Amino acid sequence: MSETTFIEAMSRQVKAPARVKIFQTKQYPAEALRERLKHFLSHTSRMTEASYDRGDWTDNSDHTLVRLPKGARAVFYHASGAMKMVSGTPPMESIFKKDAGREEYIKMLEEKGKRFGLTEWVGEHATLQFERLWQIKACAANQEKKIVNPVVCRIVGAYRHMVDGLPVLGAASAVLKLGENGFVDAVSLQIREAAGEPIDEAPIIPPAEAAKQVSAQFRSLFGRQGGEALARVTSHDMQLGYFSLGKRKVQRVLAPFYVAFIHLKGKEENQAYQFAVPASETHYLSVCGQGSNPNNLLLQRK
Amino acid sequence: MATFGVEAVRYFNHARDAGVSTAGDLTYTFNRSNGFSDKLRDGGLQQAFYWANQDCWETDIRDTDQGGDDRSWVDNVDIFWIEAHGNHTSDGNARILYDIAHNNWRTFSNEWQLGENWNAEWVLAYSCETVDINNVSGLWNIFDGLHIYCGAYENMYDGITTDECGEDVGDNMINGDTISDSWIDGVSDWAVDNHPITVCTGDAATWNNGNIRWDLSYLNRDHLWGHGNVEPDLPPSRQACILWRWSEG
């Protein structure tokens, strides 16, 4: 497709409001993060009937790890406050005896999510919505290529944090991983809470302007062949929302971004890219678009 | 001490200029591979090599018997992380693109034979589509003592929300998760459409006449050295089945 068609098609995928509120994110001091993790573990105990009130706490440079009874563990990240509990159960134990189907799995996740009180963690001006069901499955074949029926090992519910009606884009905001009979294998929260009233209100750049920036970033990955690459795009999607950086990064504000996903068919290799571009003229949040250089390299090879 | 190796290709301009591929450059390649390397070193493993861009060669994974030099590189470490563009052939072989023809632009897994008398236990490839989920047996030949291949059966996204995947995989491993879980959970942010898969072989007891003993499989039992149980190598003569575990959504 031509660049014009690409930009038009991407723009049509987003309905952008004229303005979006800018919020500061809630920052928790170290001691408060520890208390939050204890609270998180007491919520987890509600679902698992396991007792997580005792643990071995170890502070690392960017996270604190808690070893819990029966091989379970919990972690919180100092930069973001993101938290995770993992049961430590081997992945092929507590697998589903039969495939109950999507609807049943979603019902199971909703019930567990309510019992955990997932929505209590979203902060002001916010809600949490179920976004997507994932399933982890396993299968096998013998040397005669006889293939057994796949088994469902875990179901994974991904939830999206919504602030002032907009999704907070990035990794799933909450994840619930269950096994057979609602066994809780893991639960995690990666939520950037809005703190108090908005600090600003930003005019939103039109989707076509954002799509133009995405197009430029995309083309730059192909050197002289940028234009040809556009012709090989097979699917694309663009969303508008607040942006959440990774859990190991500090973030002071919730600011609007357009996030685009592009898949293209190569001559020999297919590719999938994600781009994030600021949705306001004023840049409130810096997102590294450059990537890192390799470290720990040995000397150059001869 | 257990060892690991890393190869990561971010730029593919030489491959494009040579007309062997239309693949674009990546952006967050080294965020992921640096993160993985850092975490494994935190976990007490020794980095044997870390090659980048044109210093990554297909001969490093090609079997020595087939003219490659895997015994000095990929088959000389316990765990190997590679990131580059990937795909699979129509008969289920993994293929990975490099940015230099040393000696070829691509590796094909019909030329891999990992484990043997050497070291390799786990190979992790952050690359699209190196596994054909409809023909996973196409990878069988690579398991000559190798325990698990971790790859993808569809896309693996390059983007800002997958930049911490290497750290996540590494953290999972050094915190005691199984290799299979470390990969599937670590490369999934449960938002972008990443499609990881882990593949291993099993013996006759695991196949159990088609009533699979999942509990016996590498998928259920293998951890990073020093961070949990590691099953013994399974030579080809004892391999009765191939098993795979993946996420879909």
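None of the values given here were measured: they were computed from a predicted structure. Chain letters run A, B, ... following the sequence lines, proteins first and then strands; every chain starts at 1. Computed over heavy atoms, backbone and side chain alike; hydrogens, waters and symmetry mates excluded.
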Chemist: Looking at B/Ser137, B/Ala240, B/Cys200, which one has more heavy-atom pairs under 4.5 Å with chain A than the rest?
Modeler: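 The option with the most such pairs is B/Ala240.
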
Chemist: Side chain, backbone, both or neither: which part of B/Arg106 has a heavy atom under 4.5 Å from chain A?
Modeler: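 Just its side chain gets close to chain A.
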
Chemist: Give, as side chain, backbone, both or neither, the part of A/Val75 having an atom under 4.5 angstrom from any heavy atom of chain B.
Modeler: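 For A/Val75, no heavy atom lies under 4.5 Å from chain B.
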
Chemist: Which one wins on heavy-atom pair count under 4.5 Å against chain A: B/Asn211, B/Asp168, B/Ile212?
Modeler: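 Of the options given, most contacts go to B/Asp168.
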
Chemist: What part of A/Arg102 gets within 4.5 angstrom of chain B, counting heavy atoms only: side chain, backbone, both, or neither?
Modeler: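 Nothing of A/Arg102, per the 4.5 Å heavy-atom cut-off to chain B.
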
Chemist: Measuring heavy-atom distances to chain B, does A/Ala276 have an atom under 4.5 Å in its side chain, in its backbone, in both, or in neither?
Modeler: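 Side chain only.
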
Chemist: Examine whether an atom of A/Leu65 lies under 4.5 Å from a heavy atom of chain B, and if so say whether it belongs to the side chain, the backbone or both; otherwise answer neither.
Modeler: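 For A/Leu65, the contact with chain B is made by the side chain alone.
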
Chemist: Could you go through B/Asp203 and B/Thr206, starting from their C-alpha distance and side-chain angles, then the distance that decides it, and tell me whether this counts as side chain to side chain donor-acceptor pair (under 3.5 Å)?
Modeler: CA-CA 5 Å; B/Asp203 61 9; B/Thr206 305; 2.8 Å; yes

Chemist: Please confirm whether the ring centroid of B/Trp73 lies under 6.0 Å from the ring centroid of B/Trp51.
Modeler: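 Yes, close enough.
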
Chemist: When the aromatic ring centroids of B/Phe12 and B/His14 are compared, is their separation below 6.0 Å?
Modeler: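 Ring centroids of B/Phe12 and B/His14 are no less than 6.0 Å from each other.
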
Chemist: Among A/Cys139, A/Ala158, A/Ala171, single out the residue with the greatest number of heavy-atom pairs under 4.5 Å to chain B.
Modeler: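 Result: the option with the highest number of such pairs is A/Cys139.
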
Chemist: Under a 4.5 Å heavy-atom cutoff, which of B/Leu26, B/Asn13, B/Asp171, B/Thr29 has the most pairs with chain A?
Modeler: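 Among the listed options, the one with the most contacts to chain A is B/Asp171.
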
Chemist: Does the plane of the ring in A/Trp134 sit parallel, tilted or perpendicular to the ring in B/His195? Use 30° and 60° as the thresholds.
Modeler: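 Rings of A/Trp134 and B/His195: tilted, as their planes differ by 30° to 60°.
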
Chemist: Determine the option with the most heavy-atom pairs under 4.5 angstrom with chain B, choosing from A/Leu133, A/Val156, A/Val259, A/Asn60.
Modeler: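 Heavy-atom pairs under 4.5 Å are most numerous for A/Val156.
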
Chemist: Return yes if some donor-acceptor pair links the side-chain N/O of B/Asn53 with the main-chain N/O of B/Arg10 below 3.5 Å, else return no.
Modeler: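 Yes, B/Asn53 side chain to B/Arg10 backbone: donor-acceptor pair under 3.5 Å.
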
Chemist: Which atoms of A/Phe218 come close to chain B, meaning under 4.5 Å heavy atom to heavy atom: side chain ones, backbone ones, both, or neither?
Modeler: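 Neither part; nothing is under 4.5 Å.
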
Chemist: Out of B/Asp215, B/Ile160, B/Ile197, B/Asp181, which one racks up the most heavy-atom pairs below 4.5 Å with chain A?
Modeler: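 Max contact count across the listed options: B/Ile160.
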
Chemist: Anything under 30° is parallel, anything over 60° is perpendicular, the rest tilted; go ahead and classify A/Phe243 against A/Phe257.
Modeler: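 Taking A/Phe257 first and then A/Phe243, their aromatic rings sit tilted (interplane angle of 30° to 60°).
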
Chemist: Kindly indicate whether a cation-pi arrangement holds for B/Arg32 with B/Tyr126, taking the cut-offs as under 6.0 Å to the six-membered ring centre and within 45° of the axis.
Modeler: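 Verdict for B/Tyr126: a cation-pi partner in B/Arg32.
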
Chemist: Please flag which part of A/Lys247 lies under 4.5 Å from any non-hydrogen atom of chain B: side chain, backbone, both or neither.
Modeler: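 The answer is both parts of A/Lys247.
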
Chemist: Relative to chain B, which segment of A/Lys265 carries a heavy atom at a distance below 4.5 Å: side chain, backbone, both, or neither?
Modeler: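 Looking at A/Lys265, nothing touches chain B.
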
Chemist: Which residue in the set A/Phe6, A/Phe275, A/Phe261, A/Tyr273 passes ring pair (Phe, Tyr, Trp, His ring centres under 6.0 Å) when paired with A/His236?
Modeler: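 Answer to the ring pair (Phe, Tyr, Trp, His ring centres under 6.0 Å) test with A/His236 among A/Phe6, A/Phe275, A/Phe261, A/Tyr273: A/Phe6.
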
Chemist: What part of A/Asp62 lies closer than 4.5 angstrom to a heavy atom of chain B: side chain, backbone, both or neither?
Modeler: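 The side chain, not the backbone.
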
Chemist: Please classify the contact between A/Leu264 and chain B as side chain, backbone, both or neither, with a heavy-atom cut-off of under 4.5 Å.
Modeler: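 Neither part; nothing is under 4.5 Å.
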
Chemist: What part of A/Cys153 lies closer than 4.5 angstrom to a heavy atom of chain B: side chain, backbone, both or neither?
Modeler: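 Only the side chain of A/Cys153 comes within 4.5 Å of chain B.
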
Chemist: Please flag which part of A/Arg132 lies under 4.5 Å from any non-hydrogen atom of chain B: side chain, backbone, both or neither.
Modeler: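 The side chain, not the backbone.
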
Chemist: So what's closer than 4.5 Å to chain B heavy atoms on A/Glu269: side chain, backbone, both or neither?
Modeler: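 Looking at A/Glu269, backbone and side chain both touch chain B.
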
Chemist: Which region of A/Glu228, side chain (C-beta onward) or backbone (N, CA, C, O), has a non-hydrogen atom less than 4.5 Å from a non-hydrogen atom of chain B, or is it both or neither?
Modeler: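 Contact with chain B: none, neither part.
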
Chemist: With respect to chain A, which residue among B/Glu164, B/Glu167, B/His85, B/Glu154 yields the maximal number of heavy-atom pairs within a distance under 4.5 Å?
Modeler: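 The answer is B/Glu164.
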
